[in-house]
Each structure stands twice: as C-alpha cells, then as structure tokens.
Amino acid sequence: MNRFGATILDADGLSLSAEEKAFFRDVNPYGFILFARNIDTPDQVRALCDEMRACVGRDAPITIDQEGGRVQRLRAPVWTEWEPPLEFVTAAGEKAEEAMYLRYRLIAAELHALGIDSNCAPMVDVAGPGTHAFLHNRCYGTDPQTVAKLGRAAAEGMIAGGVIPVLKHIPGHGRATMDSHYDLPRVSVSREELDTVDFAPFRALNDLPMGMTAHLAYDAIDDKPATLSEKVMKVIREDIGFENLIMTDDLAMKALKGSLADLTRQALAAGCDVILHCNGTLADRRAVAEAAGEMSFGAQTRALRALNGRMAPDDIDISRATAQLGTLLSRA
C-alpha cells in the first residue's frame, strides 16, 4: 500500500475544479477538511465528499469544525444551530455530561449523513480569566477534571455516530491571551502549573484517535510554538501519553512565521504526523504538499489506526434524542 501524503487539505468551492482533482490525485492527501465556502445543500456536500474520495481512490477521512456556536460550518436553516459550548454547559448544569454526549451524537448524525466522518472536537482547553475571546466560550469550563469529563462525553457521542473526534488544541491553548490566527500567544506559567491544569484533560483523553496541536509557546518548555517544537512534542508523546495521530492546526495562521514549505518541514521534524493547511491558494497547497511528502512509517501506522477505529453509527432515534436533550436543558 502506498503511503498517504502527510497533509489534510481543503478545496476552493462547492465542487472540485479539474486542476484540484489532478492535484489531489497527484499528492494523495491523508484527508480533507471542509469550510463554509464548501457547504450549500446536503446533496452538494455529499457529492463534494464523493469527489474528494474519488481523487485518492479510497475512503479518506473528511473533517470539519463543528463545535457549535461561532465555530460551526453547518448552519441553520438546513442544519442545527448550536449554542457556544461554554454557554451550553452552563445551561445544562448538573446534566452537562449527558447533554454533551447528546449534543455531539446529534452533530455526528448530521455529519455522517453528508459523508463527513471526522470533527475537530472535543476542544478541552481549560478556560481562565485571561483566555482570549476567540477561544473562551468555545471551552467547556475552568476546571481540568470537569473539562476532561465533558470532553470524554463529546468524544463518545461522536464515536457512537461514526465520526472520528480530533482532540484539540494539544497540549492546551486555554492560557492564550491573543488570537493565534493573528499572533503567537506565549505562556509563562511554571511547568508544574501546566501539568496540573492545562495538560491534565489531554492526559485524561490520550486514547482518542487524533489530536490537533496548539500554535502557542510555553516558556517553561521551549521558545518555539508547540507545533514546531520537538520539546513540546516530546511532552505530548511521553508525559501526556498521546500515542495516536497528531495533526497540526492550520499552518496558514499568523502565529507561525516563515514560508509554508519551511513551516511544513519544521512541524514534521518536530514530530507532527500530518500537516493541516487551509484557506490558501492552490499554489500554497502545492508548496505544502511538496514539502510534506509522504507520511513516515510511524505516522502511517497511526493514521491507519485512526481510520480502522471508524465505526458504523449506532442505532439512535434522532427525534427522541433531540427531545431528550431539550428536556435535560429545560430541567437544568
């Protein structure tokens, strides 16, 4: 079997151009990611997913950001409009764990029906008083044990729905006081504090099949952003114990400085398995794919393990689950 390209890539529009099809056939990305510009109708999304998989000749994973709140690509009136996670958890109160399971089981049902079989969630960054607004209400809470418990519920809901969860942003983005889409946040707390708070939910969920890195620098470990840091990747692998597939957050985010090709090589050299690149030109995607090449043997093994973990959705009555969630929230 040929190795996968060490990339997860996006497309420009609602269907693939001839040039995109040829490019994807050539570079054989491990998987794909969808954005709002790729979403119109259910039939169109299913057709786009089919096109993507046809290019690589296999059942490649197709992921999306469907957290709920500001970060969701599928929206009303066709799909469910969700509250931001922190507001949802607060509203659910003592029923938050069960509510999170149902929320993400329903999200998984909508994704799976379209041919999307991965979701960039749960996000188990621990919120704090200084957490930047771009991240704060996407968090599940301020206590690492609670965050881990709710993250587990969300992940189990997706897995039951046939969707691969992507744990993010490993090893913890909650202390970011800047938006990493535009700047590189730096964290200056002690390693002990990081271990106790920030890293704890990721350690508790280190069995999940895929993880996404944080574009954030931890001064107690390394000057480099986590995505590009061999030292941070060693912490993720050895101390946090995450042995499964690690993808980068989007390399086009402004927290990272340098050419896309150089950033790709640095991230892979640091220990990331697969490069996520989004929202660039076809030339940008080509530069990333050429620099990334094929997955290493270890990355390929982890990638196959993630794919082999895909399950057929369990038998669920969507109307009943929706009503059950409504009842939970109304009684909270």
Side-chain angles (χ1 to χ4, degrees), residues 1-11 23-34 49-65 108 111-112 115-122 155 158-159 161-171 202 205-214 226-228 230 232-234 236-238 240-251 263-278 285 288-312:
M1 178 181 183
N2 292 333
R3 290 188 190 169
F4 306 134
T7 50
I8 294 173
L9 301 173
D10 60 351
F23 168 66
F24 291 143
R25 280 195 295 269
D26 183 45
V27 303
N28 188 30
Y30 171 61
F32 301 92
I33 187 168
L34 302 183
C49 290
D50 288 345
E51 279 190 310
M52 288 173 160
R53 291 183 170 119
C55 289
V56 295
R58 55 185 165 81
D59 192 15
I62 296 178
T63 196
I64 197 167
D65 289 292
L111 298 181
H112 197 272
I116 302 168
D117 59 0
S118 175
N119 189 18
C120 296
M158 286 182 278
I159 291 168
V163 169
I164 303 170
V166 179
L167 183 67
K168 66 185 188 186
H169 303 89
I170 195 165
F202 295 93
L205 299 175
N206 64 13
D207 59 315
L208 293 187
M210 293 177 64
M212 176 189 287
T213 62
T227 303
L228 308 180
E230 186 176 353
V232 175
M233 293 302 299
K234 185 176 181 182
I236 291 170
R237 293 297 194 196
E238 297 182 5
I240 292 174
F242 191 87
E243 298 179 350
N244 291 320
L245 190 76
I246 294 180
M247 60 191 280
T248 70
D249 203 346
D250 177 16
L251 281 199
L263 292 173
T264 296
R265 287 187 283 265
Q266 288 177 56
L268 293 172
C272 295
D273 293 317
V274 62
I275 303 298
L276 175 67
H277 175 262
C278 313
R285 281 175 267 167
V288 168
E290 289 176 356
E294 294 183 338
M295 282 187 166
S296 69
F297 177 80
Q300 180 87 3
T301 300
R302 290 184 283 273
L304 289 171
R305 189 161 66 225
L307 295 183
N308 291 338
R310 287 184 292 195
M311 298 168 47

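Side-chain atoms are counted along with the backbone in the values below, which use heavy atoms only and exclude waters and symmetry mates.
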- line: Paired with Met212, the side chain to side chain contact (heavy atoms under 4.5 Å, CB included) test is passed by just one of Ile8, Leu276, Asp250, Leu167, namely Leu276
For residues [X] and [Y], determine if any side-chain heavy atom of one lies less than 4.5 Å from a side-chain heavy atom of the other.
X      : Y      : answer
Met52  : Leu34  : yes
Ser296 : Leu268 : no
Phe32  : Glu51  : no
Thr264 : His277 : no
Met233 : Ile246 : yes
Arg305 : Pro209 : no
Ile164 : Arg310 : yes
Met295 : Val274 : yes

Quick one: closest heavy-atom pair of [X] and [Y], and the distance?
X      : Y      : answer
Arg302 : Asn244 : CD-O, 3.4 Å
Leu208 : Pro165 : CD2-CG, 4.5 Å
Ile116 : Cys49  : CG1-SG, 4.1 Å
Thr63  : Ser118 : OG1-OG, 3.0 Å
Ala267 : Thr248 : CB-CG2, 3.9 Å
Ala292 : Ala6   : CB-O, 3.7 Å

For the pair [X] (side chain) and [Y] (backbone), establish whether a donor and an acceptor sit closer than 3.5 Å, ignoring hydrogens and angles.
X      : Y      : result
Asp117 : Pro61  : no
Arg53  : Ala60  : yes
Gln300 : Phe4   : yes
Thr213 : Asp249 : yes
Arg285 : Phe23  : no
Arg265 : Ala291 : no

Just verifying a value: how many Å separate [X] [atom1] and [Y] [atom2], rounded to the nearest 0.5 Å?
X      : Y      : atom1 : atom2 : answer
Ile62  : Ile33  : CD1   : CD1   : 11.0 Å
Asn28  : Leu9   : CG    : CG    : 10.5 Å
Leu251 : Gln266 : CG    : CD    : 9.5 Å
Cys272 : Leu228 : SG    : CG    : 7.5 Å
Asn206 : Ile170 : CG    : CD1   : 8.0 Å
Tyr30  : Glu294 : OH    : CD    : 15.0 Å

message: Checking Asp65 now: which residues fulfil salt bridge (Lys or Arg N to Asp or Glu O under 4.0 Å) with it, not counting sequence neighbours?
response: Arg73, Lys168
field: For Arg237, salt bridge (Lys or Arg N to Asp or Glu O under 4.0 Å) partners two or more places apart
entry: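 For Arg237, the residues satisfying salt bridge (Lys or Arg N to Asp or Glu O under 4.0 Å) (neighbours in sequence not counted) are Asp273.
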